[in-house]
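Following: one structure in structure tokens, then a few remarks.
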Amino acid sequence: MKLAIIGGGGFRVPLIYGALLERRPFDEIVLHDVDAERLDRISLVLDGQAAEHGDKAPFRTTTDLDDALEGADFVFVAIRVGGLEGRAIDEGVPLGHGVLGQETTGPGGICFALRTIPAMLDLAERVPPNAWVVNFTNPAGMVTEALQQVLGERAIGICDSPSALCRRVAAALGEPPERLSFDYFGLNHLGWLKAVHDGTGDRLPELLASDATFEEVELFGAEWLRSLGMVPNEYLYYFYFADDTVAALGERPRGAYLLEQQAGFYASEGDTPERALARWRAAKDERDRTYMAEARDGAEGHSHAEDEPGGYEAEALAVVEAIAANAGAVRILNVANRSALPFLDERAVVEVPCVVSSAGARPLAVGPVPDHARALIETIKAVERATIEAAVTGSSALAVTALALHPLVPSVKAAKAIFAGYRERLPALEERFA
Ligand code: G6P
Ligand code: MN
């Protein structure tokens with residue numbers, strides 16, 4: 001089987017390669033990137049990993065997209081159009097108006113999607129007809145919905161956050177996650193865990209009533225989790241605690257911090273593979289430690305060790321293995337709704353548990369959800385659809401509509417000011433929405 005990794009010079013590619021060194025589903029691996037220097041830098045890290053492992057999973061690199069895609073059975077896509085410079089603008093412009101930007105689920109995600117979706121649709125047109133596309137590109141829900149316009153159900157979106165939440169809840173219950181069944185529902189970065197079954201009943205009420213602490217308890221407070229009767233995805237912090245986040249961020253969004261942090265890693269030259277791997281690990285640990293720092297009141301985020309289960313590499317490989325082996329494994333993925341959430345139409349991409357087999361990812365029915373969750377999902381889905389249409393048509397009116405409908409944007413006036421700020425700072429956007 002052939003795997004093409006689009007965005008092969010990306011910082012998290014070594015995580016995928018680490019997983020590929022352990023399990024060998026592919027006999028051909030091709031890394032593609034538009035930036036040859038980033039590709040070289042990451043290749044050196046992969047060489048370091050292979051040397052450490054004592055055995056190499058052969059890979060090659062290319063800047064020719066069609067070369068990478070030709071004959072691919074699976075295509076992993078994690079690209080960042082506009083780089084971290086773009087992220088700093090996506091998050092920084094709203095923040096300049098006192099509004100939380102957030103690069104995925106906030107208004108920052110709208111701007112990010114506006115420049116990412118055209119590139120993703122171009123890619124989709126060039127993907128071989130039988131390939132499965134596993135999309136990690138953020139904002140993953142919106143991007144997957146756009147991809148599905150071309151690829152249908154061959155495009156599957158993944159995120160590491162739902163499974164991480166489920167693992168933490170399992171640990172708090174003192175059970176291995178494989179023994180539990182998780183009723184998780186929503187959109188990407190906008191989901192809730194509403195029940196956890198172990199064969200005897202729902203264990204969530206008991207957990208929420210107890211004084212057990214886990215990450216979401218620390219983030220949201222036990223009282224708020226009890227009020228919801230559910231465990232929200234960590235990204236819902238940006239909705240439930242929006243102004244606290246703005247205050248904690250000050251004037252420096254995460255994108256601006258990462259821009260500097262990552263530049264240091266990519267700029268190092270003349271390293272041996274071993275040295276490049278050590279530098280990558282140091283940069284990764286620092287990135288992990290500062291993850292969601294604005295929500296933690298100075299406390300450190302946990303570093304996700306390379307040999308721990310989880311991470312988006314584990315999600316991606318689980319999808320590959322379940323499709324290749326027709327395994328019928330249950331994974332929480334971003335797929336077309338069908339009838340999983342009955343209040344949305346069947347083509348809306350949602351994030352829910354799916355049965356994954358060689359026929360693809362089939363979403364499981366979720367059943368009723370609390371009104372407030374339904375309302376937020378419907379609002380954000382409307383925002384996503386306005387954004388996708390704006391990206392496809394280049395309509396400024398639709399882009400402003402998407403921003404103005406977003407719950408974090410307080411007014412139409414603010415939406416217009418934010419869009420004007422984006423146009424001013426992003427020449428490509430200014431050109432596209434002329
Ligand atoms: C989580 C999310 C990803 C997101 C990442 C951001 O893993 O699930 O979708 O890309 O966090 O991390 P960063 O270090 O870029 O802020
Ligand atoms: Mn994610």
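Just so you know, ligand 1 is whichever comes first in the structure, and atom 1 is the first atom listed for that ligand. This one's a predicted model, so the numbers in the text were calculated from it and none came from an experiment.
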Please list, in number order, the atoms of ligand 1 under 4.0 Å from a heavy atom of [X].
{"X": "Asp160", "value": "1 (C), 2 (C), 7 (O), 8 (O)"}
{"X": "Asn138", "value": "3 (C), 4 (C), 9 (O), 10 (O)"}
{"X": "Cys159", "value": "8 (O)"}
{"X": "Arg254", "value": "13 (P), 14 (O), 16 (O)"}
{"X": "Arg87", "value": "13 (P), 15 (O), 16 (O)"}

- request: Identify which one of Glu315, Glu321, Glu351 satisfies the salt bridge (charged side-chain N to carboxylate O under 4.0 Å, His left out) criterion when paired with Arg331.
  value: Glu315
message: I need the single residue from Arg338, Arg362, Arg347 that forms a salt bridge (charged side-chain N to carboxylate O under 4.0 Å, His left out) with Glu153. Which is it?
response: Arg338
field: Electrostatic pair Asp90-Arg115, nearest N-O below 4.0 angstrom
entry: yes
- prompt: Below 4.0 angstrom, N of the basic side chain to O of the carboxylate: do Lys381 and Glu384 qualify?
  reply: yes
message: Check for me whether Arg87 meets the cation-pi criterion with Phe112, that is, NZ or CZ under 6.0 Å from the six-membered ring centre and within 45 degrees of the ring axis.
response: no
query: Cation-pi between Arg423 and Phe433: NZ/CZ under 6.0 Å from ring centre and within 45° of the ring axis?
result: no
field: Student check: side-chain heavy atoms of Phe185 and Leu341 closer than 4.5 Å
entry: yes
Beyond-backbone contact of Lys2 with Ile29, side-chain heavy atoms, under 4.5 angstrom: no
- prompt: Donor-acceptor pair, Gln102 side chain versus Gly108 backbone, under 3.5 Å?
  reply: no
- line: Minimal heavy-atom distance between Ala361 and Cys354, with the atoms involved, is CB-CB, 4.0 Å
Taking non-hydrogen atoms only, is [X] closer than 4.0 angstrom to ligand 1 via side chain, backbone, both or neither?
{"X": "Gln262", "answer": "neither"}
{"X": "Arg12", "answer": "side chain"}
{"X": "Tyr257", "answer": "neither"}
{"X": "Tyr312", "answer": "neither"}
{"X": "Leu258", "answer": "side chain"}
{"X": "Asp288", "answer": "neither"}

Polar contact flag for Arg287 and ligand 1 (N/O pairs, less than 3.5 Å): yes
- request: Work out whether the distance between some heavy atom of Met292 and some atom of ligand 1 is less than 4.0 Å.
  value: no
- request: Give the atom name of whichever N/O/S atom in His189 sits closest to the Mn ion (ligand 2).
  value: NE2
- prompt: Tell me: protein heavy atom nearest atom 11 (O) of ligand 1, and distance?
  reply: Tyr291 CE1, 3.2 Å
